[in-house]
Number of protein chains: 2
Amino acid sequence: MGEDAAKDGNAAAGMAAPDLIAALTDESALVSPLERKLAASILADVNFATNASITEIAARAGVSPPTVTRFCRRLGCASFSDFKVQLARSAYVGLRYLRPESVTSTPAEVAEDIVTKAQNALFEMHRGLDLEALSRAAALLAKAQMIYAFGAGGNSSMIVNELQNRLFRLGCRIAASNDHGMNLMLSAAAEPGTVVFGSSFSGRNHELVRCFQLLRERGIKTIALTQSGSPLAEAADVVITVDLPEGQNIFRATSTRYAFLATVDILANLVAYADRSRSTRLLRGIKEQLIKHRDGDDRQLLGD
Amino acid sequence: MGEDAAKDGNAAAGMAAPDLIAALTDESALVSPLERKLAASILADVNFATNASITEIAARAGVSPPTVTRFCRRLGCASFSDFKVQLARSAYVGLRYLRPESVTSTPAEVAEDIVTKAQNALFEMHRGLDLEALSRAAALLAKAQMIYAFGAGGNSSMIVNELQNRLFRLGCRIAASNDHGMNLMLSAAAEPGTVVFGSSFSGRNHELVRCFQLLRERGIKTIALTQSGSPLAEAADVVITVDLPEGQNIFRATSTRYAFLATVDILANLVAYADRSRSTRLLRGIKEQLIKHRDGDDRQLLGD
DNA sequence: TCAATGTGCCGAAATTTATTTTCTTCATCG
DNA sequence: CGATGAAGAAAATAAATTTCGGCACATTGA
């Protein structure tokens, strides 16, 4: 019984605070000055905090142990040790990007750095995900008569190709295009019932914005996968925002791709679930794939 | 002093066991039967273990608390609480794939599922990464007169396009191709000094294997990014293996892409570091990119 | 083959350490 | 001026670790 209670408590706690770092950073939640001091102290050295005892943490922050206990409770944790466990989880992926941009030189460091940043990008994307917008986008795509997916540059090309790759097998009529001139013509000729999906990491691709403006004038629905507040976001009907910390993007622009790719993945899944019969078709496709694979064929021949 | 000691101890412990789950799974490290029992009990319900007290864990495993303490020490942790912290970290990304393949239906669940699996794929890839092979591949690519990157199907196409996208700006002469006929012709015509890179998730793409065999006969160096032990791996000079748990691949083949993408990312970085002057050129390129970006251009126009 | 000895694992109890509760004081705000 | 709530001191409780003794198993020598 005690065991079950503990387990339930943990599960509940896990649900309550999926990201402790965010809670710690959120000033509004911390009313008293000592709690702010405590939060600042913990954030200043999370590594220390994850491993220190309650007395050590209290001493470093200049407060008493009971204050720390109360603080943990207020943050939604069951106890101090629960707090530590959650902090360790959050810090593992959530706080690594605070590391200084070191000049990585050994292969092991390069690998570690890239994997960490990719995981961070996914983590951050998930944290800031607007599910409501994604659901609306999925609904639009599922009902669309025809879908155009516009991207530009290596990264967004990859994204829209991926969307095409994922959606065509769900029974969607979709064409991906990465050519500005073509995009403009397709926009000008698009018929009612068409939905246009556009991807741009920065949201400042002029040509794409122009297409979207034209489409708005023409009453064609548009979905943008981009940064919030960007020109492309302004021009779109539904905006799926992915905002990653600037520092990450400037020095090594690549990790954002993982976030975009996963977002497309989620979107495609939502489209699949939007229509049960389509979803069934998807599953049948996967089965077929399995069978072919067992015959020795490369899975990739099927594109998935 | 106590604080510093604690911090140092933690840092050291963190280095010693970056992945506790692996240590727990590794039977060879666990000599005594009770320790095996304990490890099994912990692995059976990691969630419980991360939150329970030492007595609860001991009770569940049917051992005494001191045994648990000793067990933690043996695994390289400073103490039981250190063990818990590390377990929480590992479990966060490392063990989620043990979850039953649930029928995810709500958008939140879909998003959680996809992000988790992508992170897991990255985690597993990083764990099994053969840095030595990657370094050899990078050295080959850096010195190559010409590089061909062969892929097949949606996923591997993406991978080889990505490689091209990353390497051409490092000053590499590279062409990506996804067409079997073309690949065969290129293989037959390749001159000495050429290096061929091939990607296949399963390693069972017959045409690609045939190309590699032909290339071996002709003395052209080949690099395969694929599953270990596969026909493609057998046919290649340098093999970069990415072996992800079967269960993951079979049901939703997509998460492996994140691992492949990150591997290409790492490889490209290693190529950049292989030659300092090239690396400098890379950095200059990034600067240019930044400047253009500030002018309002989409970063993606530059392909990164 | 059979003791005798050694080695090391394991748990009970004691000790130490850590955490939480209770209670009191103090400050702040209405 | 009383009410409210935050914060710490101290006590109580809970948890973790060390110590120590017993036990099982292996090794050695007769």
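Residue numbering restarts at 1 for every chain, and letters A, B, ... go by the order of the sequence lines. From a predicted model like this one, the values you see are computed outputs, not experimental measurements.
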Tell me the interatomic distance from [X], atom [atom1], to [N], atom [atom2], rounded to whole angstroms.
X: A/Lys37; N: D/dA6; atom1: NZ; atom2: P; result: 16 Å
X: B/Lys84; N: D/dA16; atom1: NZ; atom2: C1'; result: 11 Å
X: A/Asp82; N: D/dA15; atom1: CG; atom2: P; result: 14 Å
X: B/Ile54; N: D/dA15; atom1: CD1; atom2: C1'; result: 8 Å
X: A/Phe80; N: C/dT19; atom1: CZ; atom2: C1'; result: 9 Å
X: B/Phe71; N: D/dA16; atom1: CZ; atom2: P; result: 16 Å

Does a side-chain heavy-atom distance below 4.5 Å link [X] with [Y]?
X: B/Phe83; Y: B/Val68; value: no
X: A/Ile266; Y: A/Leu129; value: yes
X: B/Phe71; Y: B/Ile42; value: yes

> Testing A/Leu261, A/Leu267, A/Asp265 for side-chain contact (heavy atoms from CB on, under 4.5 Å) with B/Ile114, which one passes?
Replying inline: A/Asp265
>> Checking the side chain of A/Ser255 only, and the main-chain atoms of A/Ala118 only, is there a donor and an acceptor separated by less than 3.5 Å?
In response: no
> Counting only N and O atoms by type, is there a donor-acceptor contact under 3.5 Å from the side chain of B/Thr50 to the main-chain atoms of B/Val46?
Replying inline: yes
> What heavy-atom pair brings B/Met125 and B/Ala262 nearest, and what distance separates the two atoms?
Replying inline: CE-CB, 3.4 Å
Ignoring backbone atoms, establish whether [X] has a side-chain N or O less than 4.0 Å from OP1 or OP2 of [N].
X: A/Arg36; N: D/dA6; result: no
X: A/Arg73; N: C/dT19; result: no
X: B/Thr69; N: D/dT17; result: yes

For nucleotides 6-12 of chain C, print each protein N/O atom paired with a nucleotide N/O atom at under 3.5 Å, atom names and distance only.
unit_1, atom_1, unit_2, atom_2, d
C/dC10, OP1, B/Ser32, OG, 3.2
C/dC10, OP1, B/Leu34, N, 3.4
C/dC10, OP2, B/Ser32, OG, 3.1
C/dG11, OP2, B/Ser64, N, 3.2
C/dG11, OP2, B/Ser64, OG, 3.1
C/dG11, OP2, B/Thr67, OG1, 2.5
C/dG11, N7, B/Arg70, NH2, 2.9
C/dG11, O6, B/Arg70, NH1, 3.3

Polar pairs (N or O, both sides) under 3.5 Å between protein and nucleotides 25-29 of chain C?
none

> With a 3.5 Å cut-off and no angle check, do the side chains of A/Thr241 and A/Asp130 form a donor-acceptor pair?
Replying inline: no
> Reckon A/Ser79 touches a base, only the sugar-phosphate, or nothing at all at heavy-atom distances under 4.0 Å?
Replying inline: sugar-phosphate
>> Between B/Glu132 and B/Arg136, is the salt bridge (Lys or Arg N to Asp or Glu O under 4.0 Å) condition met? List the steps.
In response: CA-CA 6 Å; B/Glu132 207 268 318; B/Arg136 272 185 294 139; 3.2 Å; yes
